[in-house]
Each structure stands twice: as C-alpha cells, then as structure tokens.
Amino acid sequence: MEELANKYNPAEVESKWYEYWLKNDFFKSKPDGREPYTIVIPPPNVTGVLHMGHMLNNTIQDILIRRARMMGKNACWAPGTDHASIATEAKVVNKLAQEGIKKSDLTRDQFLEHAWEWTHKHGGIILEQLKKLGASCDWDRTAFTMDETRSKSVIKVFCDLYKKGLIYRGVRMVNWDPQALTALSDEEVIYKEENSKLFYLKYYVVDDSSEPAKEGEVIHEDAKGRYAVVATTRPETIMGDTAMCINPNDPKNQWLKGKKVIVPIVNRVIPVIEDDYVDVEFGTGCLKVTPAHDVNDYMLGEKYNLQTIDIFNDNGTLSEAAGIYIGKDRFEVRKEIEKDLQDANLLEKVEAYTNKVGYSERTHVVIEPKLSMQWFLKMEHLAKTALEPVMKDELKFYPAKYKNTYRNWLENIKDWCISRQLWWGHRIPAYFLPEGGFVVAETEDEAVKLAQEKSGNSSLTINDLRQDEDCLDTWFSSWLWPISLFDGINNPGNEEIKYYYPTSVLVTGPDIIFFWVARMIMSGYEYEGDMPFKSVYFTGIVRDKIGRKMSKSLGNSPDPLELIEKFGADGVRMGMMLSAPAGNDILFDEALCEQGRNFNNKIWNAFRLVKGWSVNKSLEQSQSSKIATEWFQEQLNKTIAEINDCFEKYRISEALMAVYKLFWDEFSSWYLEMVKPAYQQPIDEKTYNQTLDFFETLLKLLHPFMPFITEELYQNIKERSEKESIMVSLLPTGKEIKDILITKMETTKNIIAGIRNIRAEKGISPRETFNMFFKGDFDESNNAIIMKLANIDGIATYNGNNDNCVSFIVGTTEISIPLGNNINAEEEIAKMENEIKYLEGFLVSVEKKLNNEKFVANAKPEVVENERKKKADAESKIATLKANIASLK
RNA sequence: GGUCUUAUAGCUCAGCUGGUUCAGAGCACCUGCCUUACAAGCAGGGGGUCAUAGGUUCGAAUCCUAUUGGGACCACCA
C-alpha cells in the first residue's frame with residue numbers, strides 16, 4: 001500500500017464514486033421478483049435551491065433507500081420536481097417586471113412561454129445539488145408535476161371527480177391574495193398576531209323616538225341625537241355595511257331593536273338585525289355587517305338575506321361600488337378614513353388592540369376575504385376513507401403524535417378550493433358554452449362533443465367554447481404523486497404501479513400534513529383502493545443552535561453546498577443525523593458536521609493502520625488475538641441487532657450512534673489495540689483476515705449514512721472486480737448473540753481501565769510494567785488481553801505478601817497493583833474509608849427493603865432475589881475493604 | 001379559546017409494560033499525554049432532588065391530579 005495521507009480528503013473521492021454509481025446503473029430499478037422498497041421524493045419546487053430542510057429530508061430518504069438496497073430489496077427512489085404554481089408564477093412576474101414587462105400586457109400563451117423558459121433555465125438545479133449529497137435516486141424516472149404524464153393524470157382525475165359529483169363550482173367567500181390576484185385555500189393562509197387599532201364608530205339612529213332608557217340599557221347620545229357605537233378593526237369596510245347586528249339578549253342594546261341606523265360618512269340607512277352570533281361582551285355588543293368582506297358577516301348576510309356590496313377591486317384598491325376613496329389602496333384608506341371620521345366627529349375613540357391577521361403563505365400580503373366564483377372539491381367522502389387506516393395504524397405515522405393532528409383536521413374538514421386565478425399550472429378543463437352553462441372534458445374534441453349534446457347544436461366548434469381561465473391548486477397535482485409517478489392514473493393496473501404501490505415510506509415535514517400527506521392518502525384510496533405509503537416519517541424543522549428557524553432574512557441558514565465542501569458530504573450527512581430524532585426539530589450546529597468529519601477521519605486512519613500491517617503466514621494467532629476476534633464478532637452481532645431494531649422504529653439517529661460507538665469505541669479503541677502487532681512487527685494471517693472482514697462489515701453498516709468514504713475504503717480494502725460496489729453488497733443479517741463473551745469483556749475492560757486510572761493518578765508511565773493480583777472470583781481467560789492493554793507482566797492470586805498495593809474492586813473481585821514506594825498509605829486508607837461509608841449507606845437502604853414484609857410478599861421473586869444479591873455483594877466488598885485497610889495500617 | 005405535546009447533566013437527547021441496562025449516551029468541560037493509524041487524536045476524570053406540589057404503590061424519572069414554563073396545530077370576537 002502506498003503512503004496514505006493522515007487526513008481524509010472527501011473532495012477527491014466523492015464525485016468519482018458518484019460517477020461510478022451512475023455509470024453502473026446502481027440507482028436504477030425495474031420491477032422484478034424481489035420485494036420492492038419504494039420512496040417517492042417530496043418534489044421540491046422546480047426552481048428552488050437546496051436548503052437545510054432538503055438536506056435533512058433527503059439524507060433520511062437516502063439512508064433508508066440505501067439500507068433497503070443492501071438488504072436485497074428492489075429499492076426505487078423516484079425523484080421529481082413540483083411546478084409550484086403561485087411561487088413560480090410570482091418569480092416569473094417579478095423577473096418580467098424587472099424587464100419592464102407587465103403580466104397584463106401578455107397573452108396567456110406569451111406568459112407561459114416566459115414561464116417555461118424560466119423553468120428550463122432554473123429548473124432542476126436542486127436535483128443536481130442532491131447528487132452532491134449522494135442521493136441514490138433513479139434519475140431516469142425524474143418527473144415533473146407539469147410534464148405530459150402528470151398533466152394528463154391531473155386532468156383525468158379532475159374530470160373523474162366532476163363526473164362523480166365531487167367537484168362543483170360556486171360563489172363562496174374565499175381567501176383572496178390581492179397581489180397574486182388569486183384565491184387561496186385555507187391552508188395557504190398564515191395568521192399572525194398584530195398590534196392594530198380598534199375603532200369605535202358612531203352609527204346614528206334614524207327616527208329615534210327618544211324614549212327614556214330602560215333598566216340595563218346603555219344609550220349614547222349627543223347634540224346630533226342618539227347613536228350606536230360599533231367597534232371595528234377595519235373602518236375602511238364601512239362602505240360595504242348593509243346591516244348592524246346585536247344580540248337579542250343583550251340588555252344594553254334593547255333600545256336598538258327594530259331600528260335603522262346610518263352608516264357614518266356613507267350616510268346609507270341600514271337595518272338593525274338580531275342574532276346570537278354577536279358576543280355581548282365584545283366592544284359595545286354592536287356589530288357592523290359587511291357580507292362581502294368578512295366570512296362571518298357573509299354567513300349573517302345569507303341568513304338574513306342582506307345585500308352584499310363588494311367595495312374592493314381584485315388588487316385591494318377601493319372599487320366604484322365603494323362610492324368614495326375609489327382607486328385607493330385599502331390600507332391607505334384605513335388611514336384616511338380615520339381622519340375623516342375624526343373630522344366629522346363620528347369616531348368616538350380608538351383603542352390599541354392585538355388581533356390576528358391572515359397573510360398569504362406565498363406573497364406575504366394581507367389576505368382579503370372575497371366573494372368569488374371558484375371550483376371546489378367535496379371532502380367529506382374522501383376524508384372518511386382516509387381517517388380509519390391511520391387511526392388503526394395500518395398506515396403508520398412516526399412519530400405517532402401526528403395522528404391526533406391528522407384526525408382533528410379530517411373531522412373538521414371543509415371543501416377544498418381547488419381553483420387558482422393563475423396561468424402557471426394545470427388549466428381547468430371546463431368549457432363554457434356560448435349560451436351559458438359549461439361542460440367538463442379531458443380533451444377539446446370531447447368537450448365539443450359534450451357541448452353539442454348539451455346545447456343540441458351540432459354545429460358548435462371548439463372556437464365557440466371558452467375554456468375556464470383558472471388553474472388548479474398545485475397540491476391538486478401533488479396529491480396524485482405516488483400514483484402518477486408510476487403512471488397509475490393514465491394506465492391503471494400497469495406493471496409498475498402494481499409493483500411499486502403502495503410505496504414503503506414517505507419522508508416529509510409535519511408542516512404539510514394537510515396540504516399533502518392527508519390528500520395523498522385520500523387520492524390513494526380513491527384511485528388505487530389502497531394507502532399510498534405504509535409509513536410516514538415526519539422530520540422536524542431545521543433550526544439554528546439557539547432554536548430559531550432557519551431563514552434567509554435572519555441569515556442563519558448555512559449554504560448546504562458550502563458545508564459539503566468544507567466537511568464532505570458524508571460529514572454533513574452525519575452532522576444532520578446526529579441530532580435528528582424523528583419528529584423533533586433539529587438544532588443544527590456546524591460543530592455536528594465537524595464531528596461527522598472527525599468520524600470520517602477516524603475511519604480513514606483505522607484503515608491506514610490495518611492496511612499498513614505486513615502479514616506473516618507462518619505466524620500463529622496469539623492468545624489475545626484469538627480472544628479479541630471471538631469477542632468482537634459477538635459485539636458486532638449485538639450491535640447489528642440493535643441497529644435493526646432502531647431502523648424498524650425509524651430511530652435513525654440512534655442507529656447511527658450505535659454504529660458510531662461500535663466503530664470508534666469497540667473496534668478502534670478496544671479491538672484494534674488488542675490485535676495490533678508491536679511496531680514494525682508482522683501480524684498473523686488469521687487475525688489479519690478476520691480484521692479485514694470486520695472492517696468490511698463495519699463499512700457496510702456505515703454505508704447508508706456515509707456512502708462515499710465507505711465506498712472508497714471498500715474498494716481499497718480488498719481486490720474488487722470491475723462492477724463491484726458496497727452499495728449493492730448485502731448487509732450482514734443478525735446472528736444469535738452469545739452475551740457471555742461480551743459480559744466477560746466488559747469486566748476485562750473495567751480492570752484495564754482501573755489499572756490505567758491508577759497509572760494516571762500516580763503519574764506512572766504507560767511503558768512501566770508491573771504485576772497484577774486478584775482476590776475473589778476471577779476468570780483468567782482474558783488475561784492475555786489485560787496484559788497487553790494494561791501493560792502487565794503477570795497475573796496471579798493475591799498471596800498476602802504484597803503490602804504496598806493499590807487496589808480497586810471490579811464486581812466482587814479485588815484487583816491489586818503492587819507499587820512499591822509509590823504508595824501513600826494514608827491516601828489509600830482515606831479513599832477506602834470513603835467507599836465503605838458509601839457502601840454502608842447503600843446496605844442500609846437494601847436491608848430496609850428486605851425487612852419490609854410487604855416488599856418481600858408483593859415484589860416479583862427475581863426482584864427480591866436481586867436485592868439479596870446486592871446485600872451480599874455489598875457486605876463482601878465492605879469486608880474486603882476493611883481487610884485492606886488493616887493490612888495497610 | 002380548543003386540542004395535542006413536552007420538561008432528565010452546560011447543550012442535544014435515550015430511558016419501552018413501575019423494581020440492576022436506573023439515573024444513561026453523544027457533544028462540551030477538566031487533568032495528563034505530539035505513545036510510530038489518527039491532536040480532526042489517546043488515556044483518565046468531574047457533572048443531574050429526573051420542572052414544582054400532591055396522590056396511587058411495598059416501591060415512581062416512569063402511573064394519576066394540579067401548578068408553572070416550553071413547543072405544535074386548529075379555531076377565532078367584529
């Protein structure tokens with residue numbers, strides 16, 4: 001072996017092996033006789049760039065998929081991107097704006113041309129970045145939610161649901177984004193607490209009879225007459241007021257019953273209506289009703305047949321219907337109207353107030369509730385089928401706590417507003433007839449046919465029909481992802497969908513449990529009659545080390561690619577996984593990547609050591625090496641079982657920690673030290689080969705976590721043939737564990753540590769040798785190990801003649817090291833007396849238990865037996881210590 | 001406002017059906033060491049009334065109740 005650098009350099013090897021894997025098609029999957037293991041990637045935005053959340057998410061997926069592949073399964077990780085309609089359209093609009101082009105100046109086709117250009121230019125960068133991470137996706141399968149197959153699927157599903165009567169069109173109060181100029185679903189609105197103002201407005205009463213106030217009534221009055229006071233946070237909407245509402249049981253407002261009031265400034269006369277929706281305690285108990293601009297007011301409007309006046313334009317400015325402030329922005333008007341009300345003496349007071357305001361998830365502008373014609377999908381039936389499998393754990397959530405969240409949403413589900421007033425997306429396949437009405441069809445030809453039938457006019461052509469301008473919500477394509485990736489919508493029951501569906505696991509963030517996870521489950525049952533995935537693994541949010549969400553504006557989010565450059569992909573992957581228990585947020589710290597990199601280096605150097613040994617075939621295996629190999633084999637088996645168990649429960653960070661400790665502590669610190677030949681001495685062949693086998697097994701166990709370094713070393717540890725790779729090798733399966741060897745070695749390690757401790761305390765060089773004596777039960781089979789690692793000349797039973805000994809106790813055995821004049825008797829005595837004191841205290845508590853009749857009667861026999869043993873052991877230790885003190889005195 | 005969740009070492013977290021895996025791990029920290037694989041390292045070591053108060057039990061970090069403090073989600077009063 002040529003000279004190897006003493007530091008591992010990841011940059012040199014990572015791209016080399018990724019190329020090698022691609023060249024050999026190791027990531028590819030085709031249906032065959034093996035058990036499938038399928039993951040569909042949560043498709044990132046097509047024009048997005050990799051952030052820490054993606055890193056975490058995709059590292060986990062890669063770990064799972066690589067492990068499955070090494071377990072002999074047919075592993076298929078299907079990648080792709082999402083067209084992200086609002087986000088992408090917003091980016092394109094911005095870009096055009098920079099070039100001085102307004103969207104409204106373009107035709108739909110022209111705009112889409114720009115959008116596709118943008119998509120082709122920036123699209124898929126994120127997938128290239130995933131390759132740097134080592135992601136073993138089957139790239140030939142790369143899909144896009146707006147490619148032909150997926151688009152066809154979406155349209156087909158829309159038509160199907162329409163035919164089933166689950167899709168309908170209707171005027172509803174929707175969340176309107178005045179910047180993107182589109183409706184949003186409830187899930188796309190984020191409520192934020194805000195410091196705002198509560199305005200108290202005067203609504204003068206018409207035809208006031210001036211009857212005296214009855215008991216409990218609160219009547220406001222000034223020179224202009226009697227008036228009601230209405231508290232509102234949105235005075236700019238008074239132009240849309242069509243009623244005032246009081247609670248019929250509100251004593252203080254009884255006098256308003258049946259009256260009419262005048263909207264301030266506007267001077268429109270509106271009725272006072274009564275409904276117990278109104279909270280008597282809030283404000284003055286008088287509510288202004290603006291059916292066009294508030295969800296609850298809309299409900300009141302429906303109930304009492306009120307007029308609705310829509311005072312806003314789509315972009316949030318005041319419309320003609322408002323009559324005043326026309327063309328001005330809503331927030332501008334709020335300021336102006338405050339002043340105007342003040343000037344007109346119609347503003348009683350203004351109070352500071354905190355309330356929650358809805359913002360658009362994508363454009364971050366304040367949502368305007370707006371009445372508009374939209375398409376909706378009925379959810380009741382879909383929700384019903386999707387609930388039970390999750391509650392019954394047929395489809396498992398990790399962590400399970402999200403089952404509650406899931407149930408809560410499904411049980412209170414509202415219909416899904418699926419239309420968006422955007423161009424970038426799947427256009428709704430509804431076609432309006434010249435004389436009114438519409439048809440829904442997958443193709444234009446079919447639309448014409450249906451239109452002819454519907455109108456009875458057989459001369460209708462496509463030119464007579466007008467297709468709906470709206471697009472579908474992005475999630476309306478994402479919810480089909482696990483099916484459409486295998487073309488299961490267009491070609492039901494095809495070979496791929498039958499083989500790969502249901503997929504094995506979905507790895508995603510809990511923030512999209514409603515947007516995406518729940519809806520995929522619905523569509524899965526609707527179109528495949530089965531769950532889309534057997535498990536869902538919810539990752540946490542990546543935060544910085546002091547717990548803040550990573551965000552561009554805070555500047556606390558590291559660039560993943562820079563991290564990879566600095567620590568290597570393996571190091572970063574490990575850094576992510578070290579602190580990522582399922583469902584917990586991860587507090588990311590570069591120090592974790594450093595730990596990952598250090599671990600790479602540790603593996604690298606262990607490799608250097610082993611490869612540096614020369615083998616002497618005529619050498620016999622030493623006793624210590626024989627013990628070491630037998631023990632390590634057991635330790636390996638034990639850890640493999642542990643890792644398997646962790647993976648079954650999706651405790652991935654724990655699995656990593658187990659293999660980390662196995663390699664660093666058990667293998668490097670203990671095993672290699674046990675078998676390591678003296679400097680420049682050869683090693684026997686048997687031990688050498690066994691060590692290489694162990695090393696190879698360790699590399700395999702590490703591979704899912706750290707694919708690159710493990711491949712590099714796998715290729716170098718033995719001669720490999722052309723197309724061999726660790727990523728397609730088989731993981732060792734668990735074997736029966738002989739715990740006895742492990743237990744014995746633990747005792748041996750304790751003895752070695754005890755001796756090293758004495759050396760450290762007394763400042764004795766590790767090179768200086770001496771003898772060791774024992775008293776009590778002692779298994780001598782590991783003596784060779786103790787002698788080698790603790791640098792001991794000989795081991796013998798204590799013969800009572802070695803007065804100047806320092807002792808310690810392991811289990812019930814006393815270990816003594818003769819140190820001649822190095823010993824300070826007083827110190828030793830003090831130490832032992834301290835220990836006796838502790839043991840006596842311990843003994844008291846054990847005896848107390850054993851003297852308690854109820855304990856002996858009720859506790860399990862083995863528990864009682866254990867207490868007896870504790871008692872005996874403590875007593876024997878005390879006796880030993882007392883004898884030692886006596887001998888030192 | 002509702003629902004859920006959580007509190008264990010300086011930090012991040014394990015601790016399963018109450019009892020020897022019961023007080024643990026990793027990191028950080030401290031003390032020695034540049035010992036020929038590795039200072040990105042080696043050897044050794046010190047850290048916790050298991051949030052607080054009650055209760056159940058022979059026995060509680062573990063089960064129950066309340067309180068306090070985190071977190072998440074849903075709803076929302078103008």
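Here is how names work: the chains are called A, B, and so on, in the same order as the sequence lines, proteins then strands, and each is numbered from 1.
As judged by a 4.0 angstrom heavy-atom cut-off over every strand, A:Arg767 is placed among residues touching the sugar-phosphate backbone only. Among the protein residues, A:Ser765 comes within range of no part of the nucleic acid, since none of its heavy atoms lies under 4.0 Å from any strand. A:Leu587 comes within 4.0 angstrom of the backbone, heavy atoms only, and of no base. Across all strands shown, A:Ala857 has no heavy atoms under 4.0 Å from either base or sugar-phosphate atoms. Counting any heavy atom pair closer than 4.0 Å across all strands shown, A:Asn404 reaches sugar-phosphate atoms only and no base atom. At a threshold of 4.0 angstrom between heavy atoms, the contacts of A:Asn757 are confined to the sugar-phosphate backbone, with no base atom among them. Residue contacts shown for A:Tyr353 are limited to sugar-phosphate atoms, with no base heavy atom under 4.0 Å away. A:Arg756 comes within 4.0 angstrom of the backbone, heavy atoms only, and of no base.
Annotation: B:A28 and B:G41 have their P atoms spaced 8 Å apart (nearest Å). With both ends at atom C1', the span from B:G26 to B:U20 equals 23 Å, rounded to whole Å. Taking the C1' atoms as reference points, B:A14 lies 15 Å from B:G48, given to the whole Å. Atom name P, nucleotides B:G15 and B:A39: the rounded distance is 36 Å, in whole Å. B:U56 and B:C64 have their P atoms separated by 15 Å, given to the nearest Å. Comparing the P positions of B:A66 and B:A75 gives an interatomic distance of 27 Å, to the nearest angstrom. B:C42 sits 23 Å from B:G24 when the P atoms are compared, rounded to a whole Å. Taking the C1' atom of each, B:G18 and B:A60 are spaced 6 Å apart, rounded to whole Å.
Salt bridge annotation for A:Glu673-A:Lys788: absent, with no cationic side-chain nitrogen under 4.0 angstrom from a carboxylate oxygen.
Taking a pair as Watson-Crick or G-U wobble with both distances under 3.5 Å, RNA chain B forms stems of 3 or more consecutive pairs at B:1-7 with B:68-74, B:10-13 with B:24-27, B:29-33 with B:41-45, B:51-55 with B:63-67.
Here A:Lys303 pairs with A:Asp275 under the salt bridge (charged side-chain N to carboxylate O under 4.0 Å, His left out) rule; sequence neighbours left out. Partners of A:Lys869 according to the side chain to side chain donor-acceptor pair (under 3.5 Å) rule, which considers only residues two or more places apart in sequence or in another chain, are A:Asp873. Under the side chain to side chain donor-acceptor pair (under 3.5 Å) criterion, A:Asp544 pairs with A:Arg548, A:Asn556, not counting sequence neighbours. A search for side chain to side chain donor-acceptor pair (under 3.5 Å) contacts involving A:Thr747 returns nothing, not counting sequence neighbours. Scored by the side chain to side chain donor-acceptor pair (under 3.5 Å) test, A:Lys831 finds A:Glu761 as partners (sequence neighbours excluded).
Under 3.5 Å, the side chains of A:Asn605 and A:Arg608 contain a donor-acceptor pair of N or O atoms.
Classified by its glycosidic torsion, B:G24 falls in the anti category, the angle being over 90° from 0. A glycosidic torsion no more than 90° from 0 defines the syn conformation; B:U12 lies beyond that range and is anti.
In this structure, A:Asn716 atom CG and B:A37 atom C1' are separated by 16 Å, rounded to whole Å. Atom CH2 of A:Trp604 and atom P of B:G41 are 17 Å apart (whole Å). Computed from coordinates, the A:Leu698 CG to B:A37 P distance equals 19 Å when rounded to whole Å. Rounded to an integer number of Å, the gap from CG of A:Asp570 to C1' of B:A40 is 15 Å. A:Asp279 places its CG atom 13 Å from the P atom of B:G1, with the value rounded to the nearest Å.
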N/O to N/O distances under 3.5 Å, protein versus nucleotides 71-76 of chain B:
unit_1: B:A75; atom_1: N6; unit_2: A:Lys356; atom_2: NZ; d: 2.9

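At the phosphate of B:C38, neither OP1 nor OP2 sits under 4.0 Å from any side-chain N or O atom of A:Arg608. Contact check, A:Lys602 against B:C42: a side-chain N or O comes under 4.0 Å of OP1 or OP2. OP1 or OP2 of B:G15 has at least one side-chain nitrogen or oxygen of A:Arg651 nearer than 4.0 Å.
Take the nearest nucleotide of RNA chain B for A:Trp670 and for A:Val856: the residue whose nucleotide is more 5' is A:Trp670. Where A:Leu609 and A:Asn852 each meet RNA chain B at their nearest nucleotide, the meeting point lying more 5' is that of A:Leu609.
You'll find the ring centres of A:Phe538 and A:Tyr398 outside the 6.0 Å limit. Here the two rings, on A:Phe667 and A:Phe663, have centers that are under 6.0 Å apart.
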Please table the atom pairs, donor to acceptor, closer than 3.5 Å between any side-chain atom in residues 229-240 of chain A and protein atoms at least two apart or in another chain.
unit_1: A:Thr232; atom_1: OG1; unit_2: A:Arg234; atom_2: N; d: 2.9
unit_1: A:Arg234; atom_1: NE; unit_2: A:Glu236; atom_2: OE2; d: 3.1
unit_1: A:Arg234; atom_1: NH1; unit_2: A:Glu368; atom_2: OE2; d: 2.7
unit_1: A:Arg234; atom_1: NH2; unit_2: A:Glu236; atom_2: OE2; d: 3.2
unit_1: A:Arg234; atom_1: NH2; unit_2: A:Glu368; atom_2: OE1; d: 3.1
unit_1: A:Arg234; atom_1: NH2; unit_2: A:Glu368; atom_2: OE2; d: 3.1
unit_1: A:Glu236; atom_1: OE1; unit_2: A:Arg334; atom_2: NE; d: 3.1
unit_1: A:Glu236; atom_1: OE2; unit_2: A:Arg334; atom_2: NE; d: 3.4
unit_1: A:Glu236; atom_1: OE2; unit_2: A:Arg334; atom_2: NH2; d: 2.9
unit_1: A:Thr237; atom_1: OG1; unit_2: A:Arg234; atom_2: O; d: 2.8
unit_1: A:Thr237; atom_1: OG1; unit_2: A:Lys288; atom_2: NZ; d: 2.7

Could you list the donor-acceptor pairs under 3.5 angstrom formed between side-chain atoms of residues 852-864 of chain A and any protein atom two or more places apart in sequence or on another chain?
unit_1: A:Asn852; atom_1: OD1; unit_2: A:Lys854; atom_2: N; d: 2.9
unit_1: A:Asn852; atom_1: OD1; unit_2: A:Phe855; atom_2: N; d: 3.4
unit_1: A:Asn858; atom_1: ND2; unit_2: A:Lys854; atom_2: O; d: 3.1

Indicate every side-chain donor-acceptor pair of residues 350-358 of chain A with a distance under 3.5 Å to a residue at least two apart or in another chain.
unit_1: A:Glu351; atom_1: OE1; unit_2: A:Tyr200; atom_2: OH; d: 3.0
unit_1: A:Glu351; atom_1: OE2; unit_2: A:Lys349; atom_2: NZ; d: 3.3
unit_1: A:Asn355; atom_1: OD1; unit_2: A:Ser196; atom_2: OG; d: 2.8

Extract all donor-acceptor atom pairs below 3.5 Å that involve side chains of residues 566-573 of chain A and protein atoms in other chains or at least two apart in sequence.
unit_1: A:Lys566; atom_1: NZ; unit_2: A:Glu590; atom_2: OE1; d: 2.9
unit_1: A:Asp570; atom_1: OD1; unit_2: A:Phe708; atom_2: N; d: 3.2
unit_1: A:Asp570; atom_1: OD2; unit_2: A:Phe708; atom_2: N; d: 3.3
unit_1: A:Asp570; atom_1: OD2; unit_2: A:Ile709; atom_2: N; d: 2.7
unit_1: A:Arg573; atom_1: NE; unit_2: A:Phe705; atom_2: O; d: 2.9
unit_1: A:Arg573; atom_1: NH1; unit_2: A:Asp62; atom_2: OD2; d: 2.8
unit_1: A:Arg573; atom_1: NH1; unit_2: A:Leu133; atom_2: O; d: 2.9
unit_1: A:Arg573; atom_1: NH2; unit_2: A:Asp62; atom_2: OD2; d: 3.0
unit_1: A:Arg573; atom_1: NH2; unit_2: A:Pro704; atom_2: O; d: 2.8

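Counting non-hydrogen atoms of other residues, nucleotides and ligands closer than 6.0 Å to NZ of A:Lys396 gives a total of 12 or fewer.
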Contact state string [nucleotides 16-33 of chain B, B base, S sugar-phosphate only, - no protein heavy atom under 4.0 Å]: ---BB----SSS------
